[in-house]
Amino acid sequence: MSIDLVMPKLGLTMTEGLIQEWIAKPGAAFKAGSVLLVVETEKIANEVEAVADGVLDAVLIAAGETVACGAAIAKWTPAGPGQRIIATPYARKLARSLNVELASVTGSGPRGRIKGPDVQAARAKPPVASVTPSGAALQTEAHAAVPASVITSPTLVLAPSSATRRPATAFEKTTAERLTAAKQVPHFYLATEIEISALELLRGQLNRVGNRPKVSVTHLLLAALARSLNDLPQANQVWDRGEVVGFATVDIGVAVSTERGLLAPMLRDLSHARVYEIAERAQALVERARANKLRAEDFGGGATSVSNAGMHDVTHMTSIISPGHSSIFGVGSVREVFRPGAKGEPLLKRELGIVLSCDHRILDGVSGLSLLNRFKSYLENPLQILV
């Protein structure tokens, strides 16, 4: 009997997933635990494994399409009577009483183990709308009679020749939803300029040491921020559903521009990390992000992140706080400006524009300025970073 392979629910908030790649091919046999396909959700590529031996009969949804959780994406057959379906005793008993075929149930436990709620969900699952090869739901008879101009968004009227429309990708939808939710956080902003001549001198000295990772300004910013959060643990906290959560370690997000869009994976446990270690780990994280090899554990946690747009010629950047965090540092470009010296004489300075975005539920003006000024002190007196 041919069984539906459905889009799995890989997280509590997941409602749909993008099929990034089919590893198994139609007609090919596979073993339990082998990877069948790769699903992209929440900016992460997830490998979906087979729960039992079998044969992939047909692929219903091609790579590149977005599908709702629970929708059929392929057909497969059990390999034979010797196959083992992993399920709890209660799930087996419940399946018999409800007349549910265990082989058709997607397990939510470790390695696809079927539990009681999985059986109940399979029995209660509503019918899934049929899907066209392009991934769009087939129109009902009523919709088919409605002009396309009525179905499109009433807030945006476009002449057919002036623009195009396409469905948003799973990545774009996730980003839009998360940032829309994040902007509901009560933001306020603090800006300053940091004189970085001493920092650039230190960076040059560090990079002249042989057999060491190359240190960038971003790496020194991360080191300075880690030291600042060590000094001010009240800034290493977040708001979570009416509770203030403080972290025992310093984890900092790093904004990375990739072909798919902007990602903010986390560098973990920087409390006592040395500059060269931060440089090495940050470079490896950026390379994994751009190669689409980030893992689930690279996201989540931490209280703050750094977004450096200095390479794009911008004086200041006011950033949206990453979802779940309480602050973010937006970094602009280095500017050469004249400032008055002790006797009023013009002195040429090299300054970096910094904007700290704060969650007012965690940081007020005083604590936000304490964090910003501590960060500034480390960068203008950079030998402190090495201690």
Open item on the list: Run L372 and K376 through side chain to side chain contact (heavy atoms under 4.5 Å, CB included) and show every step you take.
Closed with: CA-CA 6 Å; L372 183 61; K376 180 175 182 176; 5.7 Å; no

Task: Worked check of side chain to side chain contact (heavy atoms under 4.5 Å, CB included) between S333 and T315 - done: CA-CA 5 Å; S333 306; T315 304; over 6 Å; no

TODO: May I have the step-by-step check of side chain to side chain contact (heavy atoms under 4.5 Å, CB included) for D4 and K75, ending in yes or no?
DONE: CA-CA 5 Å; D4 284 343; K75 294 283 188 181; 2.4 Å; yes

Task: side chain to side chain contact (heavy atoms under 4.5 Å, CB included) between L199 and E380, intermediate numbers included - done: CA-CA 7 Å; L199 187 77; E380 291 188 338; over 6 Å; no

TODO: Walk me through it: do T249 and D269 pass the test side chain to side chain donor-acceptor pair (under 3.5 Å)?
DONE: CA-CA 5 Å; T249 61; D269 197 9; 4.9 Å; no

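Side-chain contact between L60 and I73 is absent, with no heavy atoms from C-beta onward closer than 4.5 Å. Contact of the N292 side chain with the Q20 side chain is registered, since non-hydrogen atoms from C-beta on lie closer than 4.5 Å. The side-chain heavy atoms of E49 and L36, taken from C-beta on, include no pair separated by under 4.5 Å. Side-chain contact between I321 and S326 is absent, with no heavy-atom pair separated by less than 4.5 Å. The closest side-chain heavy-atom distance from L379 to L221 is below 4.5 Å. Looking at heavy atoms from C-beta onward, L352 lies in side-chain contact with V331 at the 4.5 angstrom threshold. Using a 4.5 Å heavy-atom threshold, the side chains of S305 and V254 count as separate. Between R288 and D298, the closest side-chain pair of non-hydrogen atoms falls below 4.5 Å.
Other residues, nucleotides and ligands place more than 12 heavy atoms under 6.0 Å from the NZ atom of K183. For E280, the CD atom sits in a loose shell: 12 or fewer heavy atoms of surrounding residues, nucleotides or ligands are nearer than 6.0 Å. Atom CZ of R361 has more than 12 heavy atoms from other residues, nucleotides or ligands within 6.0 Å. The 12-atom threshold is exceeded at CD of E297, counting heavy atoms of other residues, nucleotides or ligands nearer than 6.0 Å. Shown here is N99, whose CG atom has no more than 12 heavy atoms of other residues, nucleotides or ligands within 6.0 Å. Within a 6.0 Å radius of CD in E243, other residues, nucleotides and ligands contribute 12 heavy atoms or fewer.
Listed here is the closest heavy atom pair of S2 and T77: CA-OG1, 4.3 Å. Here the shortest heavy-atom pairing between S307 and I328 reads CB-CD1, 4.3 Å. Shown here for R281 and A273, the closest heavy-atom pair between the two residues is NH1-CB, 4.4 Å. When all heavy atoms of L220 and I385 are compared, the pair lying nearest together is O-CD1, 4.0 Å. Here the closest heavy-atom approach between residue I19 and residue A62 is recorded as CB-O, 4.1 Å. For the pair A32 and A52, the tightest heavy-atom approach, listed with the atom from each and the gap, is CB-CA, 3.5 Å.
For residues 340-387, the pairs satisfying ring pair (Phe, Tyr, Trp, His ring centres under 6.0 Å) are F188-H360, F329-F375, with sequence neighbours left out. Within the structure, salt bridge (charged side-chain N to carboxylate O under 4.0 Å, His left out) contacts touching residues 344-353 (residues at least two apart or in different chains) are E200-R350, E336-R350, R339-E351. Each ring pair (Phe, Tyr, Trp, His ring centres under 6.0 Å) pair with one or both residues in residues 238-280, not counting sequence neighbours, would appear here, but there are none.
Atom CG of L229 is separated from atom CD of Q237 by 11.0 Å, given to the nearest 0.5 angstrom. Between Q234 atom CD and S370 atom OG the span is 7.0 Å, to the nearest 0.5 Å. Note that CG of L285 is 6.0 Å distant from CG of L294, once rounded to the nearest 0.5 Å. Rounding to the nearest 0.5 angstrom, the gap separating the CD1 atom in I362 from the OG1 atom in T304 is 12.0 Å. Atoms CG and OG1, from N373 and T192 in turn, are 7.0 Å apart once rounded to the nearest 0.5 Å. Note that CG of L225 and CZ of R374 are 12.5 Å apart. Values are rounded to the nearest 0.5 Å.
With side-chain heavy atoms closer than 4.5 Å counting as contact, directly or through intermediates, the hydrophobic cluster containing F338 also holds L348. In the hydrophobic clustering, Y189 connects to V355, either directly or through intervening members, whenever side-chain heavy atoms lie under 4.5 Å apart.
The backbone N or O of A91 sits less than 3.5 Å from a side-chain atom of T88, completing a donor-acceptor pair. Using modelled atom types, no side-chain atom of S367 and backbone atom of L363 make a donor-acceptor pair closer than 3.5 Å. Looking at K25, its side chain does come within 3.5 Å of a backbone N or O of W22 through a donor-acceptor pair. Looking at S357, its side chain does come within 3.5 Å of a backbone N or O of S319 through a donor-acceptor pair. A donor-acceptor contact shorter than 3.5 Å is absent between the side chain of W76 and the backbone of A29. Distance alone, capped at 3.5 Å, places no donor-acceptor pair between the E193 side chain and the G353 backbone. With hydrogens and angles disregarded, no donor-acceptor distance shorter than 3.5 Å links the side chain of D231 to the backbone of S228. Remark: side-chain polar atoms of H219 are paired, donor with acceptor, to backbone N or O of S216 under 3.5 angstrom. Between the side chain of T180 and the backbone N or O of A176 there is at least one donor-acceptor pair closer than 3.5 Å. Side-chain N or O atoms of N46 include none that pairs as donor or acceptor with a backbone N or O of E40 at under 3.5 Å.
Clustering ILVMFWY residues whenever any of their side-chain heavy atoms sit less than 4.5 angstrom apart, transitively, puts L5 in a cluster other than the one holding L18. Linking ILVMFWY side-chain heavy atoms closer than 4.5 Å, directly or via other members, places F299 and I320 in two distinct hydrophobic clusters. Both V306 and I194 belong to a single network of hydrophobic side chains, linked directly or stepwise wherever heavy atoms of I, L, V, M, F, W or Y lie under 4.5 Å apart. Cluster annotation: L270 is connected to L206 through the hydrophobic network of ILVMFWY side chains, with a link wherever side-chain heavy atoms come within less than 4.5 Å. M266 and V245 end up in different hydrophobic clusters when Ile, Leu, Val, Met, Phe, Trp and Tyr side chains are linked at under 4.5 Å.
Remark: A168 engages E172, K173 in a side chain to side chain contact (heavy atoms under 4.5 Å, CB included) (not counting sequence neighbours).
For the pair D313 and R335, the salt-bridge criterion is met [side-chain N within less than 4.0 Å of a carboxylate O].
With 3.5 Å as the limit, one finds a donor-acceptor pair spanning the side chains of E195 and S197.
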